[in-house]
Amino acid sequence: MTATAALRAELARHYDLAPSLQAAEATRDIHAKMARVVPLADWARHAPYVIAINKLKAERDAVILAHNYMTPDIYHGIADVVGDSLQLAIEATKVRAQVIVQCGVHFMAETSKILNPAKTVLMPDMGAGCSLAESITPEGIAQMRARFPGAAVVSYVNTTAAVKAASDVCCTSSNAAQIVAAMPGDTVIMTPDQYLAQNVAKQVPHKRIVWWEGSCIVHERFTAADLRDFRAFQPDTTIIAHPECPPDVVAEADFSGSTSGIIEFVERHRPAKALLVTECSMASNIADALPEVEFVGPCNMCPYMKMITLEKVLWSLHSMTTPVEVEDSVAAKARVAVERMIALSRKAAA
Ligand code: 13P
Ligand code: SF4
């Protein structure tokens, strides 16, 4: 028997997980939040998992923190908190429950663990990584410090705990410009996203920003030429791009912001046609709340985010696997970088 078959057999012994229109009917208030993108027949498959997970969550004293790139069944069905990377990090500092299930990628679970060393932080799939986090190591940070002596190191939260520990401060896509502007000195090292760094350089022209050559495999695939073609074809489309996209792509957009910034922009402006230059689930998660907006794509899928499924979340809570661990001395240093970011963000917002 394969590992997946064994896991399914074990889950089937404990929970009634067969597709069920009765379960779909019992959870129709949840389905109503995604009916435009999740047909009833699909919801009948998801609903038994949603019911089982929500019950188990209470029994285990668990909360689910879910990133905006989760699929609608997770985002609307089981998440207690949804948000961008900064919001999830801030929410992680407020959790009262003993267990956090991170519906997102590994660096997000590490951040939750760094901020909550005494709690259990579960990752439904330890393979859910990130091309940015994989692109840099503490040795890379040391190389950059040697090349640019005295320059502060601002690392994106999309990094391992060890890289955070080697950095002066973290940033996310929603606060990168503020954090960089708050650094002492003329030169600031940004790692590991070269495109976020180049986009921030335009917003903070009084700093010399030097960067690591990492990139997000989802956002680097969009091209400015594609967006220009699309705009020529449908001029009434509002284009919104994530700052992990190359700068020429961001230059074609009407707005650029973090995943939550994108959601807020669409909610506020309600364009007739919106093209979200980011991960596919973003449009799906807000489509029902904004029926007047036509989401015209295209989008790219993050293969790491999509490793998180209802089945894996149920297994994670059932078996209490897999707990994320961060070595104490690494966590202590990484916590300084993350907490400094949160404090600077709060100061800028005040
Ligand atoms: P934000 O949600 O912070 O914008 O980050 C996007 C991302 O790629 C997370 O992996
Ligand atoms: Fe990493 Fe890009 Fe996926 Fe976000 S979307 S987890 S940055 S690979």
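FYI, the numbering just counts along the sequence from 1. Both counts, for ligands and for their atoms, begin at 1 and track the order of listing.
- Between H106 and Y304, the side chains place no donor N or O within less than 3.5 Å of an acceptor N or O (distance only, hydrogens not considered).
- Hydrophobic clustering of Ile, Leu, Val, Met, Phe, Trp and Tyr side chains at less than 4.5 Å, counting indirect connections, keeps M307 apart from I64.
- Within 6.0 Å of CE in M301 there are 12 or fewer heavy atoms belonging to other residues, nucleotides or ligands.
- Inside a sphere of radius 2.8 Å centred on atom 3 (Fe) of ligand 2, the protein N/O/S atoms present are C302 SG.
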Are any protein N/O atoms closer than 3.5 Å to the N/O atoms of ligand 1? If there are, list each pair with names and the distance to one decimal place.
{"unit_1": "ligand 1", "atom_1": "2 (O)", "unit_2": "H67", "atom_2": "NE2", "d": "2.6"}
{"unit_1": "ligand 1", "atom_1": "2 (O)", "unit_2": "S85", "atom_2": "N", "d": "3.4"}
{"unit_1": "ligand 1", "atom_1": "2 (O)", "unit_2": "T259", "atom_2": "OG1", "d": "2.5"}
{"unit_1": "ligand 1", "atom_1": "3 (O)", "unit_2": "S85", "atom_2": "N", "d": "3.1"}
{"unit_1": "ligand 1", "atom_1": "3 (O)", "unit_2": "S85", "atom_2": "OG", "d": "2.8"}
{"unit_1": "ligand 1", "atom_1": "3 (O)", "unit_2": "S173", "atom_2": "OG", "d": "3.3"}
{"unit_1": "ligand 1", "atom_1": "4 (O)", "unit_2": "S173", "atom_2": "OG", "d": "2.7"}
{"unit_1": "ligand 1", "atom_1": "4 (O)", "unit_2": "H242", "atom_2": "NE2", "d": "2.7"}
{"unit_1": "ligand 1", "atom_1": "4 (O)", "unit_2": "T259", "atom_2": "N", "d": "2.9"}
{"unit_1": "ligand 1", "atom_1": "5 (O)", "unit_2": "S85", "atom_2": "OG", "d": "3.4"}
{"unit_1": "ligand 1", "atom_1": "8 (O)", "unit_2": "E244", "atom_2": "OE1", "d": "3.3"}
{"unit_1": "ligand 1", "atom_1": "8 (O)", "unit_2": "E244", "atom_2": "OE2", "d": "3.1"}

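- Residues passing the disulfide bond (SG atoms under 2.5 Å apart) test with C299 are C280, sequence neighbours excluded.
- Close approach of ligand 2 to N158 (heavy-atom distance below 4.0 Å) involves ligand atoms 7 (S).
- Taking the centre of each ring, H67 and Y75 stay at or above the 6.0 Å mark.
- For the pair D186 and R208, the salt-bridge criterion is not met [side-chain N within less than 4.0 Å of a carboxylate O].
- Of the listed residues (T191, D193, T160), just one forms a side-chain hydrogen bond (donor to acceptor under 3.5 Å, both in side chains) with S155, and that residue is T191.
- The contact set between ligand 2 and E244, taken as ligand atoms under 4.0 Å from a residue heavy atom, comprises 2 (Fe), 7 (S).
- Residue pairs that meet the side-chain hydrogen bond (donor to acceptor under 3.5 Å, both in side chains) test with at least one member in residues 108-119, sequence neighbours left out, are Q102-S112.
- Counted by atom type alone, S174 and T172 present one or more donor-acceptor pairs between their side chains at under 3.5 Å.
- Remark: the backbone N or O of P243 is not paired with any side-chain donor or acceptor of H219 at under 3.5 angstrom.
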